[in-house]
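In what follows, chains carry the letters A, B, and so on, assigned in the order in which the sequence lines appear, proteins first and then strands, with residues in each chain numbered from 1. Remember, predicted model here, so these are calculated numbers, not experimental data.
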Amino acid sequence: MSQFLQVLLSGLATGSIYALAAIGFTLVWQAAQTVNFAQGEFVMVPAFFVLVGLNFLGMPLPIALAFGLALSVIILGAMFKKVIVEPMQKGSKDGGGLPLIIATMALGLLLKESVKEFYGAEAQPYPNMFPQDSMNVFGAVVSVQDLLNLLISLSVVVALTMFLNRTRTGRCMQATAQNPQVAEILGVNTKRMVLYTFLINAALATLASFLITPVYLAKFSNGETLGLIAFIAAIVGGFNQIRGALAGGLLIGVLDNMTATYLTAEYRAALPLILLIFVILVRPQGLLGTAEGRSV
Amino acid sequence: MNRKTFLGLTASLLLAGAAYMPAQAQEAVKIGMVAELSGAGAPVGTNWRDGIKLAVEEINAAGGILGKKIEVTDYDTATDPQTSRALVQKAIDEGAFVILGTVYSGSTIVNMLVAQQNGVPQFVGAEAPGITQKGNPYVFRTAYGAQKGVPALTSYFKDTLKAKKVAVQWINNEFGKGGHDVFIEEMKKAGIEVVADVPSEQGQADYAADVSKLKEAGADAVFVYLTEEESARFLKEARKQGLSMPLVGEVTLTGQKVIDLAGEAANGAIAHVGLTADAPIPGIQEFGKKFEAAYGRKTDHNGIKGYVGAWATKYVTEMVGSFDREAFATKMHGLCLKVAENPGVLMDTCWDDTGELSRDSFMVEVKDGKQVVVSTVPAN
């Protein structure tokens, strides 16, 4: 029982971090109708911004975290939109389409190789944000770090949902996502709303980075697996729903740990892919997603 | 100066030069230092080279080998096996009496054939088991092969930890499988039950499931056989979940890179290492000090390997009494060098008929972020 609880908690904790990255996929999809294949790298890079702050600029950890967040929001949020997404969408009938998706892949490669070139190919130590202790919960020994990771990710998702549903800006962002033309007619500054979405995506990726890097260690190649798992989580949960991405992330996190513990460690990496195939066959819109009509 | 005098002077200079050159060649014995001086292996190869440089300075100061000074030429393989092969050939073409290097096993496996074909003795820093299992009579190790490391741990599990049940956490690749198989076999022989056998993948980031399995297994100790980054992630997760039994590894688990990455979570990790600059051996301590004084940094075990290789070259050549490569190789087989008579080898060292080496090794533990030697394991 104790083992089950610990594995469940670890799975939920890692899954909630996957969910943060997966939500980024759905946000960018809704705001710009594109898939950001650099999302994994968006989670990898902020950790290195923090390391630059810590090791080269001599900042204390809290300041370095703020520095990392600020740089990420500017570079991975605002600049990503201004320099890559906007120019490619201009004059394009289908909102950028395939060329834009390929451009995000290229951006992913550029980020990965740049980190490798400028910071090094080896894994780097990354400071823990939380105590490395364990505590007793209903007789099971569980790690404080896992609990805090889960709590923080879930609170952020709840706060984000509330922001989108309960505030004026949030509702304007939703209106922009659903129908930009009508939203504009109704007086919504759609450009600004799209920019907000990109900034939120960058902030979520940064948070995921801060939470997962103490476990994964800072390495240039971290984005490869993270990006893939978050993408699968978003599809499994439902690409157009925040709650879908959350469910998908948690599901994959828990299933991954459960498989490795109780079934087979060798094939644990295959599990998300099997789940993906299954969901695409049975429920293409994702577990919690809604069908999107497309005319050909 | 008239034309005649000029010609005369030039001719006499040339003659003098011609007379001088063979004399110079006769004075020096050439050693080819082929190692990873750039690329991924640079930290390893640089220590190896500097260990050799230090030894050669000392040997030359003490009169060289059989009265001849040593002349070392550096060849940088850039950590590329094909380049290393070409450079071993180049070193031999340029008259190397002995080759020192390479340190990476992947390169050594490729270039040792060249030295063998040319009949040139070669001291290598590489530790892959295959190197001494190919029947090459010219290859000699400066640190024993990985296949000897894991069996040395058996007595630690059996006598020191008095373990009845152990668990194994290993990495599912060539390196991991080798160590895992030897360990399982050794435990069977020692009558220790393996209660959990947990494989993980290269590059695996999440060790939560692995650690929870180990926790449940009821083992007295865990044998951890992972590469460096994976070791660090594993140690962090073990600390996070409060895994309380001793974690014992072979070489990598307590390496400096692992300590840097895992931070505080590395404390308490135990490992068996063949050579360490922290060993409580007077010769090694003194070498460590000399190295630091000369190069302004601490040596790792590769510096020691290079130093021992260069000194062994001197001792064995002087035992043979001439610069005869074949006699050198023959002499090496079954040879034991004692520190009492041959202080340059730093520890009593023996080579068997395959060029494999045996000498004492060490159990180390990480305390306050530093490797500390806790006991010595006799040669096997």
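Contacts between B:Asn172 and chain A at a heavy-atom distance below 4.5 Å involve the side chain alone, from C-beta outward. At a 4.5 Å heavy-atom cutoff, the contact between A:Asp133 and chain B is made by backbone atoms alone. For B:Lys236, the parts sitting under 4.5 Å from any heavy atom of chain A are the backbone and the side chain alike. Of the two parts of A:Val215, the backbone and the side chain both hold a non-hydrogen atom closer than 4.5 Å to a non-hydrogen atom of chain B. B:Glu229 touches chain A through backbone and side chain together, each having a heavy atom under 4.5 Å away. A:Gln124 touches chain B through its backbone: at least one of N, CA, C or O sits under 4.5 Å from a heavy atom, while the side chain does not. There is no contact between B:Glu228 and chain A, counting heavy-atom distances below 4.5 Å.
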Quick one: do A:Arg268 and B:Asp210 satisfy salt bridge (charged side-chain N to carboxylate O under 4.0 Å, His left out)? Show the steps, please. CA-CA 12 Å; A:Arg268 69 188 286 180; B:Asp210 306 65; 3.4 Å; yes

Please assess B:Phe183 against B:Val166 for the test side chain to side chain contact (heavy atoms under 4.5 Å, CB included), listing each intermediate value before the final yes or no. CA-CA 11 Å; B:Phe183 183 76; B:Val166 294; 4.1 Å; yes

Test salt bridge (charged side-chain N to carboxylate O under 4.0 Å, His left out) on B:Lys240 and B:Glu237 and set out the steps. CA-CA 5 Å; B:Lys240 211 173 82 179; B:Glu237 185 65 35; 3.1 Å; yes

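Applying the ring pair (Phe, Tyr, Trp, His ring centres under 6.0 Å) rule to A:Phe118 yields no partners; only residues at least two apart in sequence or on another chain are considered.
Between the A:Ser10 side chain and the A:Gln6 main chain, a donor and an acceptor come within less than 3.5 Å of each other. Put simply, the side chain of A:Ser143 never gets that close to the backbone of A:Ser134: no donor and acceptor are under 3.5 Å apart. For B:Asp220 (side chain) and B:Lys164 (main-chain N/O), a donor-acceptor pair under 3.5 Å exists by modelled atom type.
Taking non-hydrogen atoms and a 4.5 Å limit, the residue list of residues 269-277 of chain B in contact with chain A is empty.
The pair A:Glu224-A:Lys112 meets the salt-bridge criterion, since a charged nitrogen lies less than 4.0 angstrom from a carboxylate oxygen. Between B:Asp50 and B:Arg297, at least one side-chain nitrogen of the basic residue sits less than 4.0 Å from a carboxylate oxygen of the acidic one, meeting the salt-bridge criterion. Between B:Lys298 and B:Glu292 there is a salt bridge, since a side-chain N of the basic residue sits under 4.0 Å from a carboxylate O of the acidic one.
Most heavy-atom pairs under 4.5 Å with chain B, from the set A:Pro125, A:Pro214, A:Ser221: that is A:Pro125. Note on A:Asp146, A:Val7, A:Asn257: by heavy-atom pairs under 4.5 Å with chain B, the leading option is A:Asn257. Chain A forms the most heavy-atom pairs under 4.5 Å with one residue out of B:Glu264, B:Lys257, B:Gln204, and that residue is B:Lys257.
Taking the centre of each ring, A:Phe37 and A:Phe231 come in below the 6.0 Å mark.
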